[in-house]
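Chain letters run A, B, ... following the sequence lines, proteins first and then strands; every chain starts at 1. Atoms considered below: every heavy atom in the structure, side chains included; atoms not considered: hydrogens, waters and symmetry mates.
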2 protein chains.
Amino acid sequence: MKIARQEARTDMKNRPETGAAAPTFMPLYEQIKTLILRGLQEGEWRPGQAIPSEHDLAGRFRVSQGTVRKAIDELAAEHLLVRRQGKGTFVASHKEPRMQYRFLRLMPLQGEPEYPDSRLLECRRARASSEVARLLELKPGDGVVFLRRILLFKGEPTVADDIYLPGTIFRGLTAEIFNEYRGSLYNLFEMEFGTRMIRADENIRAVPADAEVALLLRVPRGTPLLCVDRVAYSYGDRPVEFRRGMYRTDRHCYRNTLS
Amino acid sequence: MKIARQEARTDMKNRPETGAAAPTFMPLYEQIKTLILRGLQEGEWRPGQAIPSEHDLAGRFRVSQGTVRKAIDELAAEHLLVRRQGKGTFVASHKEPRMQYRFLRLMPLQGEPEYPDSRLLECRRARASSEVARLLELKPGDGVVFLRRILLFKGEPTVADDIYLPGTIFRGLTAEIFNEYRGSLYNLFEMEFGTRMIRADENIRAVPADAEVALLLRVPRGTPLLCVDRVAYSYGDRPVEFRRGMYRTDRHCYRNTLS
DNA sequence: TAGTGGTCTAGACCACACG
DNA sequence: GTGTGGTCTAGACCACTAC
């Protein structure tokens with residue numbers, strides 16, 4: 001819990017750790033950010049729970065409240081924490097409704113957004129292909145958990161997902177667990193496996209439906225579909241999911257905001 | 001240049017304008033944000049130019065530097081301003097290289113990102129259809145400027161864009177202006193027409209290439225393409241462009257980050 | 001009434017760019 | 001050296017929530 005500013009008092013410079021080894025400037029609030037991040041990563045505070053008040057953290061870290069405040073501000077901007085005036089600061093969770101649409105960008109062309117139903121088709125252990133291994137930073141042949149599922153909007157099959165998860169983390173995942181769970185998959189992951197998805201990269205292409213997917217989505221073979229390849233990351237930019245989603249876009253579209 | 005906090009000194013509450021009419025709380029820095037935004041919108045400071053220093057603005061608005069700082073922080077987070085330590089705060093511009101890829105999400109499947117060449121196929125006056133009018137908040141039949149262009153990566157035609165612009169703003173746009181310009185279209189818009197795109201919403205679907213687009217992109221009819229419908233907004237959420245882009249995704253993909 | 005986050009201030013000092 | 005943004009502090013007060 002000791003941080004560099006203790007030394008900084010004397011030499012008036014904030015440097016990481018020892019205050020002399022690294023030549024780069026590291027602001028105090030960055031160090032506080034790192035400490036809070038560590039608490040999140042190690043599960044000291046769990047999703048949905050409150051972290052200590054700014055005043056408490058300032059005392060614990062021996063810095064001013066304003067410095068803690070700036071650290072929390074940035075973590076809140078990254079959606080890792082959620083501030084609630086008068087109540088406290090909370091660890092972000094995929095249970096909150098506002099989180100749902102950040103990782104599901106499919107919107108109906110007409111009408112209001114709606115939650116899809118999920119139907120699991122397959123759940124088994126497998127070996128990582130070279131592609132999956134590369135994306136998840138595993139070795140080819142490492143154990144993975146493979147899921148195949150369908151998302152249905154108003155009963156219409158709309159998305160077919162193939163999902164690959166590192167076996168070391170998700171060893172215990174079974175069809176039973178999946179089916180007993182209500183809420184999003186990422187909510188299940190954070191509740192049952194202590195792994196929170198905080199960011200994802202998606203690569204989107206247009207491809208013709210092959211025979212298998214055509215059957216699942218009930219469209220003719222060759223129908224243009226969105227092919228959405230996603231790698232999702234947890235704390236520390238650790239990749240913990242690869243999924244390939246095939247999206248029907250006759251009644252929905254992928255919505256994105258550029259800014 | 002007078003703001004509500006002058007009154008706030010007495011009643012210790014910051015309220016918009018008169019300090020009594022509106023029942024909602026409006027922080028000082030929000031009011032400063034609005035004032036800076038007005039300067040941007042009215043062209044008091046132009047893209048690429050520096051705005052006054054925090055110290056100057058604090059004096060001008062009669063608030064502390066910290067309050068100006070918070071206002072600028074938020075505008076910088078929205079990419080309307082760019083801070084440069086030691087130099088000043090600058091109006092964001094589409095001329096900066098880092099801006100380019102914020103509004104062009106097409107990346108090569110292999111290899112480094114590259115800038116496309118642009119080829120104008122058509123530039124004419126037209127009347128807004130009901131769909132275009134709705135999206136641009138015009139009346140059906142209002143004058144619009146229509147552009148059709150191709151983007152080529154390494155000489156390969158990859159994107160076909162149909163672009164609709166409000167006639168009132170872009171009346172003077174001609175093929176000559178377009179062709180003489182190097183740099184992005186949005187750079188041209190902000191330089192020649194004083195209109196800066198600051199945000200855009202995109203709706204993405206997978207569609208088969210029709211005969212016309214197939215010819216332009218040199219693909220067989222029916223080839224799956226991304227259809228990207230974009231509405232771009234300027235200051236004050238004013239829609240100022242609608243474009244429909246058809247993207248080949250055999251060598252490129254649309255890249256997106258969820259967070 | 002107490003505790004939380006949110007706003008605002010005033011001032012000191014640091015890092016960076018430029019002449 | 002001067003001016004810019006960046007960090008950090010200490011303290012006052014406001015708005016919101018809960019008890």
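Aromatic pair A:Phe189/A:His94: centroids not less than 6.0 angstrom apart. Here the two rings, on A:Phe193 and A:Tyr186, have centers that are 6.0 Å apart or farther.
Looking at the side chain of B:Thr67, the nearest of the listed nucleotides C:dT9, D:dG5, D:dC8 is C:dT9. Taking only side-chain atoms of B:Val63, from C-beta outward, the nucleotide of D:dG5, D:dA15, C:dT9 with the closest atom is C:dT9. Checked against C:dA15, C:dC8, D:dG6, the side chain of B:Pro27 finds its nearest nucleotide in C:dC8. Taking every side-chain heavy atom of A:Leu28 into account, D:dC8 is the closest of D:dA15, D:dG6, D:dC8. For B:Arg69, taking side-chain heavy atoms from C-beta onward, the closest of the listed nucleotides D:dG6, C:dA10, D:dA15 is D:dG6. Considering only the side chain of B:Arg83, D:dG6 comes nearest among D:dG6, C:dT9, C:dG6. Closest to the side chain of B:Ser53, from the set C:dT9, D:dT4, D:dT7, is D:dT4. Comparing C:dG5, C:dC18, D:dT7 by their nearest atom to the side chain of A:Tyr29 picks out D:dT7. In this structure, the nucleotide among C:dG6, D:dG6, D:dA18 sitting nearest to the side chain of A:Lys87 is D:dA18.
Across the protein-nucleic acid pair, B:Phe25 atom CZ and C:dT7 atom C1' stand 6 Å apart, rounded to whole Å. Between the CZ atom of A:Phe61 and the P atom of D:dC8 there is a distance of 14 Å, given to the nearest Å. The nearest whole Å value for the distance from the CD atom in A:Gln65 to the C1' atom in D:dG11 is 10 Å. Computed from coordinates, the B:Glu30 CD to D:dC14 P distance equals 20 Å when rounded to whole Å. Atom pair B:His55:NE2 and D:dT2:P shows a separation of 15 Å (rounding to whole Å applied). With rounding to whole Å, B:Gln31 atom CD is found 12 Å from C:dC8 atom C1'. Rounded to whole Å, the distance from CD on B:Glu74 to P on C:dG6 is 12 Å. The interatomic distance linking B:Asp73 (CG) with C:dC8 (P) rounds to 14 Å, in whole Å.
Atom NE2 of B:His79 has more than 12 heavy atoms from other residues, nucleotides or ligands within 6.0 Å.
Defined by atom type and a distance below 3.5 Å, a donor-acceptor pair is present between the side-chain atoms of B:Glu202 and B:Tyr254.
Looking at heavy-atom distances under 4.0 Å, A:Arg84 makes contact with sugar-phosphate atoms alone, never a base.
Contact check, B:Ser64 against C:dA10: no side-chain N or O comes under 4.0 Å of OP1 or OP2.
Checked for salt-bridge contact, B:Glu54 and B:Arg83 meet the test: a charged N lies under 4.0 Å from a carboxylate O.
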